[in-house]
Amino acid sequence: MTEITIIVNNKKHTLTIPGSMTLLELLREKLSLTGTKEGCSKGECGACTVIVNGDAVNSCLMLAAQADGAEIETIEALEKNGRLHPLQEAFINEGAVQCGFCTPGMIMSAKALLDKKSNPTDNEIKTALEGNLCRCTGYAKIISAVKSAAKQK
Amino acid sequence: MTKKLKNFCFLAGGTDLVVQLKENKLPQIKNIVDLSALTQLRGIKEDKKNAYIGALTKISDIQNSDIIKKYFPALAAAACCLGSKQIRNLATIGGNLVNASPIGDTLPSLFVYGAKIVTTNGKNKKIIPIEKFITGYRKTVLKQGEIVKEIILPKTMNYFSFFKKAGQRKAVVMSKASIALNGLKISGKIKDIKIAAGSVGPRVLRAKKTENFLRGKILQNETIINAVNILAREITPITDVRSTAEYRTHISGEFLKEALCEFAKH
Amino acid sequence: MNSVGQSVIRKDAYEKITGKAKFAADYNFSGQLYGKVITSPHAYAKIKTIDMKSALGTPGVKAVLTHKDIPGKNIVPLVFPDMPFLAQEDAKFFGEAIALIAAETPDAANEAARKIKIDYKILKPVLTIKESIKQNKIIKDYKIIKGDIKKGFREADYVIENEYHTPYQEHAYLETNGMVAELTDNGTMTVFGSMQCPFYVHDAVAQILGFPQNKVQIIQATTGGGFGGKEDVPSLYAGWASLLSYHTKRPVKLILSREEDLIFSSKRHPGYIKYKTGFKKDGTLTAVEVDYYLNGGAYATLSPIVMWRGLIHSVGPYKCDNVRVKAAAMMTNLVPCGAFRGFGTPQVLFAHEGQMDIIADKLGLDPAELRRKNILRPGDATSTNQLLTESVGMESTLEAALKESGWSVKKEQYKKENKENDAVKKGIGVSTVFYGVGLGAGGKRLARAGTFVQIFKDGSVVVSVGTTEMGQGMITVLSQITAEAFGINCENIKLSKVDTTRVPDSGPTVASRATFMSGNSILDACAKIKERMTPVAQKMLKTSDLKLTWKNNFIFTESNPENKISFSDLVKECWEQRVHLTQQGWYMPPDTTFDPETGLGNAYFTYSYATNIAEVEVNTKTFEVKIINHTAAHDMGRAINPALTQGQIQGGVLQGIGYALTEEILHKDGIMLNPNFSTYIIPTIHDAPPIHPIIIEENYSHGPFGAKGFGELPLMGVAPAVTNAVFDATGVRMFEIPITPERLMKERQGQG
């Protein structure tokens, strides 16, 4: 067991956790933040993507202990005071959602990109989302959504 | 600290290790020593002769480093096609190296740039050429308690370098085959050349026979075709879930051909 | 129209983009245990002994169960009663379930799983279709005999005969299968989970527990993709979770890992097709003879009906008077295959579209021209002698796709470019396909749908149906249909969670049937409620006109639209007057027939049509195939929601591109070699080409607002269009997919 302190969605948590616990397990089981999804637990699908210190990462590949001291953002943080994040608005309006299982991870990858680059090229969008598999949409409307969100920002 | 510990392993980025731990593939491991607190091991420095890459430097840092892009473009190219964006944000060059997998994406480039690996056990430091550092399939000379501190890459001037990887789709793939090359021509003749091939044997292969053949040659069509044939005999690819031995031989040859054609024009 | 035909926003989008949508794994109950399944590591083995002692002794373990612990019947109820929930004497495929564990934590369950000792006697497995044919291990076979096949070949100027092979395809829905079961205090087994067909799951849970069906309640959780992969197998997983809950008296959560899901959930059947076509010099088909085999795996599951659908579609959307088809699902010691978008047709249409391209090439005809000559039009009969009378959009999709893609221009342009470019060869290919909507004569007894519509006194409406949302957009489309019926806004409609105790059994959510079937049953319910509301409205409007218009949230007469009442005022008044504002709806589709002796009959009540045009670039050095453009024109009768329809096309096409280029499952001695997403290769965002969807609306008179069904079609015709484009680019004809660089290189060397 090991004690860690992390900031999740602007809230500080000090927790005692097993060393083998992943960040994904911590978010879902300890903090009940089930918006972050487990699709493969091997870093191959991106459904578990969260933002750690500004970078998109696979939370299934990171031990929670590695996140000690880190700032973490999950999908739950995006809607603020009843206002959706521009990416969320765009995902709705562009029809970028079908089954919805890849959506939180997809949005977090896109957010990490837009936080750093307000006007990304198509290729930058694709590279930012390359680790997020989607089996429903063919990705076209997802790309449109990220572009449209970038314009609104 | 690690002296008192038994059955432990070091954790760098964790993108391979965490999966193995979770799948109980390392049942002997009882303790994990997270190296990420050693922030001095993350970052890229340079002096006149060398670049120094800290072992905990993220793959994404390498991809974006001006030093790497300028002096070691084949390493930058390899970093760009390792895993996904999310993986590159976690994975480290030291981890990719110590994994010593024949499909490790950065390894062929490290080979052709003549990387020297600096290891430490906390007291003593050793500098080992990469070819001696990796001893076999997922094997290195590292002993329990030793870690890689940094990777030294000697700068080369006026060299041509190349990296290409084949995968089952356009991105986020494990390599079927890859070729890295770094070479120097003087008055049209090859003065120095290093070629490394990934995913075509139990470890990344330095194609020394092909290099020997090419050294001193002028790059003409026939020379290139002969070099490709020598490479085909030098590599030992297998058929597995990602590709066939025949295709791996073919594509390694095509990449070498492409590299040499570009080198000829360089 | 208020709502139908509009691209209204998805009803479930908000929950999904905020992370609030609850998928199976997101349910947690106090005191819940974690379930784990132990499966066979062999392709075929006799189970000699199972030693559970040390597993049971693992701290935190609450139950270790085998088939002996099943209080009900150890048979998954489906087409044939052959598949057990848990293996008894022998395990017939790699990944077959043998034992179950429930423990306080997933780690404890995993540890116990490692401690179970099962002693096997390894038996000799059957691992290929051809071996199964040799041993005559037929699960089920059907035939079509139409006209005189010998005469057809005699009349032919040419006969071509080829063999085609298609691979397994994994659904790769992003959410793995999962269930949470709880034996509630009133003695009902309640199961929440990821599924397409809650009533299949309902039957299965009652069967494994030996419960009367009224003591089972199945609630569909938000389901993260299905594509057919959550049609029948959720029955198994719900059975396991409920068995563990039954014995431990605690809620049990059982979520499959990706590896487990890839290993033992159902797949698209590998196909082996021998196809012989006779045709005249002008391209007219005179005879089609097909031997069509599917690798069914170790148990029948859905194979008989998957194969039946393939049989019906084996000639394609073409006229031909002389047909002989034999289709068989074969048993092997491999994972049982089941439903997957297209349901037995993508395999056989890969063959018929290959044949069409070869014929065109042989006759020097444009492949599009050859299709114009042979496609089904109104007044033509299908290969089962079904006369097509209405909503036959084959030709419209073909012409639209040819036009939109710039077919003729590109064909010439690529030919020219190829002459000047050795490194990259471009090509363009077409396929035309059709698809019977709904279950057809093969599944007639399930062809029904029920609805429960309730108007609350504030004018908002809740609709319960027995078909499910799995990402395809059903909730939104059915909301639009309801809204249209009442002439109100879509925002006023809410679809309730599917709960098998609250909605009538509507058959499965498969076969592109939800819009059509549930849509019609909703219209039935709405019409009946409106009938009761009409007299109240007449009174309020002070009119005797029986024909009222329900539009834009108001009710009025055409003759005097200014005199109107709002829907909510009407509802209020109806409530005051105790008008019954709730209603069951029920729908059964037009009849279908099938004569098992000849295979002839009206197999499906209607068909949807699609034309795909793929443009490819083949790298002659790496043999990599890149799709540069894809055009897909679809006739679905009516697009209730065009944006969702486009989304289905884009997603289906990319799934079809995966099938064409990268997706396959590899085995060694029956053991799956690539059970994860780094080795089972589905397209990433970089692999997605520009996809141009075209919507063609040939209204179907029985459809809700003219709609047929179409969810499966987008995937179906893609692989042959790509294959034909590769031929156009390189002159290499691929008889097997996926077209990996390895396979293309080998074929190129073979074909010179």
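Order of the sequence lines sets the chain letters (A, B, ...), proteins ahead of strands, with each chain counted from 1. Computed from a predicted model, the values in this text were never measured in an experiment.
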Study note, to complete from the structure: CD1 of A:Ile92 to OH of C:Tyr14, rounded to nearest 0.5 Å, is 8.5 Å
Review point. Is a side-chain donor or acceptor of A:Arg28 paired with a backbone partner of C:Ala25 at a separation under 3.5 angstrom?
Key: yes
Exercise for review: Might you work through the side-chain hydrogen bond (donor to acceptor under 3.5 Å, both in side chains) test for A:Glu44 and C:Ser678, ending with a clear yes or no?
Suggested key: CA-CA 6 Å; A:Glu44 293 164 358; C:Ser678 61; 3.0 Å; yes
Review point. Distance-only, no hydrogens or angles: does the C:Lys16 side chain make a donor-acceptor pair with backbone N or O of A:Cys99 under 3.5 Å?
Key: yes
Check your understanding: In Å, rounded to the nearest 0.5 Å, how long is the span from OG1 of A:Thr137 to CD of C:Gln646?
Key -> 13.0 Å
Study note, to complete from the structure: chain C shares the most heavy-atom pairs under 4.5 Å, among A:Ile142, A:Leu78, A:Asn132, A:Thr127, with A:Thr127
Revision key, fill the gap. Most heavy-atom pairs under 4.5 Å with chain A, out of C:Leu262, C:Asp12, C:Asp26, C:Thr18, belong to C:Asp26
Practice item. Taking A:Tyr139 for its side chain and C:Pro683 for its backbone only, find out whether a donor-acceptor pair lies under 3.5 Å. Key: yes
Point to revise | Spacing of C:Ile17 atom CD1 and A:Glu79 atom CD [to the nearest 0.5 Å] | key: 7.0 Å
Check your understanding: Between NZ of A:Lys141 and CD of C:Gln650, what distance do you get to the nearest 0.5 Å?
Key -> 4.5 Å
Study note, to complete from the structure: Of A:Glu76, A:Met106, A:Glu38, A:Lys42, the largest count of non-hydrogen pairs under 4.5 angstrom with chain C goes to A:Lys42
Practice item. Check each atom of C:Glu469 against the heavy atoms of chain A and say whether the ones under 4.5 Å are side chain, backbone, both or neither. Key: neither
Check your understanding: Which value, rounded to the nearest 0.5 Å, describes the distance between C:Phe227 atom CZ and A:Cys136 atom SG?
Key -> 4.0 Å
Exercise for review: Enter the distance from A:Thr34:OG1 to C:Lys22:NZ here, rounded to the nearest 0.5 Å.
Suggested key: 7.5 Å
Practice item. Sort C:Ile685 into side chain, backbone, both or neither according to what part of it lies under 4.5 angstrom from a heavy atom of chain A. Key: both
Check your understanding: Are C:Phe23 and A:Phe101 close enough that their ring centers fall under 6.0 Å?
Key -> yes
**Study point:** Check: C:His171 main-chain N/O paired with A:Arg135 side-chain donor or acceptor under 3.5 Å
**Key:** yes
Exercise for review: For A:Gln98 and C:Gly647, indicate whether the former's side chain and the latter's backbone hold a donor-acceptor pair under 3.5 Å.
Suggested key: yes
